[in-house]
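Each chain gets a letter, A, B and so on, in the order the sequences are listed, and its residues count up from 1.
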Amino acid sequence: MRRLLAVAAVALAFPGAAFAHASLTGTTPPTQSRIATAPRAIVLRFDQTVTITPRAIEVFSASGTKLSGPATTNGDGRVVSASVAGLRRGQAYTVRWRATSSDGHTGSGVYTFGIGIAPPPPTEAFGSTGPTWTDDVARWAFFVALALLIGTTGLRLLVLREPIPLRLSNRLYGLTAVGGIAVLNVGIAAFVMRAADALQVPFVDLLYGDLSPLATKTRVGVAFVAMTLGYAAVTALVLLAWILDRPRLLWPAFVVGIGFATGLSLSGHQGVEPNSTFLTELADWLHLVAAILWVGGLVALATCVWPLAPELRRRAFLGFSRVATVLVAVLVLAGTYLSIARLASVSELWSTSYGQALLVKIAIVCVALAWGAVHHFFVRPRLERGEDAPRGVRRSLIGESAIAILVLLLAAVLVNARPPAVEPAAGVRAGASQ
Amino acid sequence: MAPRAELVHWAFAAGFLLLGLILLAEVIVGSEVFAMRPWRLYLWPSLAFGIGVLLWPVAVFFTNSTLHMLAHGSWAEVAMLAGAVELALVRGKLKSRWWTLSLCFTLLVSSAAFLIHEQNPWFFSRSAFLHHAIGWTLLVAAIFPLGQALQPRKALWGAGFALTWVVLAVMLFCDRDVAPIFGHLSRFAGGGQ
C-alpha cells in the first residue's frame, strides 16, 4: 500500500512526457480562408511536439491532383510544413493532415481554403462523398426524436391543457424526455458520421480526429453546436417541469425547441442553395415544425391519451383534429412553395432522382392525409355528437402515425439531397474544373 | 474563445468538491438532522443536475478530438439524468429506493468513458495517471450506491459515496500537466512554456 502511495505521489509530482494528444493551434493559410495569392507552403502549428511521415500534409485540387511535397517538422517539432506548387487563383483546395503526438496517438484533420474565392466547407472537401443512406437514417431518427420532444409537448400545451390525470402526465413527460435524450444522442451520432466522411480516416484514427473546423466552420457543425446546447436546455426544462410539478416550464421548452429546429433548415441543402432566400428558409422551418407537431401529437394521442385517459379521448381528439387541420394546411402550403422553388420545371419530378423522391414523398403524404380525412369526416362527427369513439380508433391512429413517420424518412432523404436546379458551388469536390 | 482546459477542469473539480462536502455534511450530522431543513435535501441533486447541464457546452466546444467530445457528452448526459432522478426522489415523484441504482449506472458509464478516452498507460504522464485513477475510482465507487440501495440505513455507503467526490475533486484539480499544481510543467505539455 505504501509503495502504491509512493508511486502515486511521484507520478503526481513529476509529470511525464505529454498531456493528452497534440492539438492544432493554427494553420497557414488559415482554415476556411479566402486568400489573395497562392501560398508557397502549408504550415501547421501544434500545441506540442509531433512526429510525422512525409505524407503528413497532403494538398489536393478539386480534381484530386496532389500538389504538396514531402512534409517536414521545424523548430521544436511543433510546426509542420510542406511546400506546394501549381496552385491557381479562382480555385479551392483541400488540406488533409496527420500527425502523431508524443503519446503515440495519430491525430488527423481536414480543412479547405480558396484563392480568390470562398472555399467550400470541410464537409465538401476533396475525398468526401457527402451524405449517404446512413446520414439519411440518422436524420430520420433525429426527426422522429424531435417529433416526440416537440409534438408531445405541443399536444399537452395546445390541446390537453392542465390539469390532466397523473398517469397520463407522467407518460407524456416520459415520452417527451425520451425524445429529448434521443435528440441529443442522435445529433451527436449524426455529426460524428459527417465528420467521418469529411476526414476519410479509419475508425481508430477518427477517435483522435480534429472536429474543430467542422464544428466551427460548417453550417452542419454550427447547427450541431447550437442545437445540442438548445435541446440540452429543452430537455433540462422538461425534466424540471416534471420534477417540480411546474407545467409552465414546458412553454419555454416548447418555444425554444421550435426555435432551434431552424438549425435543421439552415444546415440542410436549403441553406446553401443559390436561390435560398429568407422566405424559402422560413417555409422550410414552417414545413418541418408543422410535420413534427403533427407526427408527435399523433403518437402521443395514440400511445398516451387513448390508453390512459378514456375520459379525455373526446376532448383530445377534437382538439387535436382542429390543430392538425392548421398544421396540415401549413405543411402542404410550405411544401408546395418549396417544391416550386427547388424544381425548375414539372418534368424534373420524374426526370431527376430528387424529383422522384419528392413524388414518393407526396404519394405517402397523400395516404397520410387520406387516413387523417377518414378520422376527420367519420370519427370526429360522432365524437361531436357526444357518441363514443368507434372501435379501432387507437389502432387507426397508430397506423396514421406510422405513415407519418415514414413521411419523415422521405423528408430526411430530401433534406440530405441536392435539388436538380442547384448548380454545384465553386468547390473542391471532384467535378469542378482544375 | 474556449477557456483553457485546466480552467474548465478546475471549475468542475470545484463543483465535485462542493458535491462531496454537502454529502459529507449529511453523513456527519445524520440524515434526520440534515433533513430538518428540507431545502438541504435538494442541494446535491440540484448540483449534480447543474453539473450535467453545464457539461454540454464542454462537450460541443472542445471538439479537437472525437473521443473527448463523446466522453464529455456521455458525462453530461448521465450527470443530468442522475441529478434529475435524485431530485425526483427528493420530491417524491419516484418512490422506489432502487432508483438509487441510477447513480451506480452513472458511475459505471463515467468510469468507462474515463478509461476508454485515456489511451495512454498509467505512468505515461500525470494526466494519464490521474485519468486512470479517476476511472478506477469511479468504477469501485459504483459499489456505494449499490450498498445504499440494499442497506439504506448503513452510513458506510453514504460516507463512501461522499468521500468519492472529494477524492475525485482533488484528482481533477491536478489533472492537467500544464496546471502548476503538485508538479512541474512538462516541456512537452500543451501550452507550457
Side-chain angles (χ1 to χ4, degrees), chain A residues 7-25 46-49 76-77 101-105 107 109 170 177 181 184-185 188 191-192 195-196 199 206-216 221 224-226 228-229 232-233 235-236 239-240 242-245, chain B residues 1 5 45 49-50 52-53 55-57 59-70 73 76-77 80-81 83-85 87-88 90-91 93 116-120 122-131 133 171 174-179 181-192:
Chain A
V7 168
V10 168
L12 287 172
F14 300 102
F19 102 110
H21 59 271
S23 295
L24 192 65
T25 57
F46 292 90
D47 62 355
Q48 57 180 270
T49 302
D76 58 0
S101 309
S102 46
D103 62 3
H105 297 151
N170 283 342
I181 297 296
L184 292 168
N185 286 297
I188 290 173
F191 178 65
V192 171
L199 289 169
L206 173 67
L207 293 177
Y208 296 100
D210 183 4
L211 308 186
S212 310
L214 299 156
T216 56
F224 160 72
V225 170
T228 302
L229 293 177
T235 307
L239 290 170
L240 286 176
W242 169 62
I243 292 163
L244 303 175
D245 284 318
Chain B
M1 282 288 285
F49 186 78
V53 172
L55 269 165
W56 282 111
V60 295
F61 285 127
F62 289 84
T63 50
N64 60 356
S65 99
T66 311
L67 208 49
H68 282 80
M69 187 188 76
L70 295 177
E77 193 167 322
M80 192 169 85
L81 289 178
V85 167
L87 275 173
V90 173
R91 287 281 295 177
K93 303 292 286 185
I116 291 169
H117 102 280
E118 179 51 66
Q119 299 278 298
N120 298 304
W122 277 76
F123 297 112
F124 177 75
S125 67
R126 188 171 75 198
S127 66
F129 181 89
L130 285 165
H131 276 161
M171 289 197 277
C174 34
D175 184 62
R176 298 283 88 181
D177 279 2
V178 287
I181 185 170
F182 294 144
H184 307 286
L185 293 178
S186 159
R187 83 182 169 87
F188 296 113

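Among the candidates B/A84, B/G73, B/A133, the residue making the largest number of heavy-atom pairs closer than 4.5 Å to chain A is B/A84. Counting heavy-atom pairs closer than 4.5 Å to chain B, the top-ranked of the candidates A/D245, A/I243, A/I188 is A/I243. Chain B forms the most heavy-atom pairs under 4.5 Å with one residue out of A/N170, A/I181, A/T235, A/T25, and that residue is A/I181. Put simply, of A/F224, A/F191, A/W242, the one with the most heavy-atom pairs under 4.5 Å next to chain B is A/W242. The choice from A/G209, A/A196, A/A215 that makes the most heavy-atom pairs within less than 4.5 Å of chain B is A/G209. Of the listed residues (B/V53, B/V60, B/L81), the one with the most heavy-atom contacts under 4.5 Å to chain A is B/V60.
A/L211 contributes atom CG, which lies 14.0 Å from atom CZ of B/F62 (distance to the nearest 0.5 angstrom). One finds the OG1 atom of B/T63 at 8.5 Å from the CG atom of A/L214 (value rounded to the nearest 0.5 Å). Taking OG of B/S65 as the reference point, atom CG of A/D210 lies at 8.5 Å (rounded to 0.5 Å). For the atom pair B/F49 CZ and A/L239 CG, the distance stands at 5.0 Å (nearest 0.5 Å). With rounding to the nearest 0.5 Å, the separation of CG in A/N185 from CD in B/E77 is 4.0 Å.
Using a 4.5 Å cut-off between heavy atoms, A/F46 makes no contact with chain B at all. For chain B, the nearby parts of A/L244 are the backbone and the side chain; heavy atoms of each come within less than 4.5 Å. Both the backbone and the side chain of A/L206 come within less than 4.5 Å of a heavy atom in chain B. Looking at A/A232, both its backbone and its side chain come within 4.5 Å of chain B, counting heavy atoms on both sides. Only the side chain of B/M69 comes within contact range of chain A, judged by heavy atoms closer than 4.5 Å. Using a 4.5 Å cut-off between heavy atoms, A/V192 touches chain B through its side chain atoms alone.
No side-chain heavy atom of A/L24 sits under 4.5 Å from any side-chain heavy atom of B/N64. No side-chain heavy atom of A/L207 sits under 4.5 Å from any side-chain heavy atom of B/H117.
The two residues B/W56 and A/L229 come nearest to each other via the heavy atoms C-CD2, 3.9 Å.
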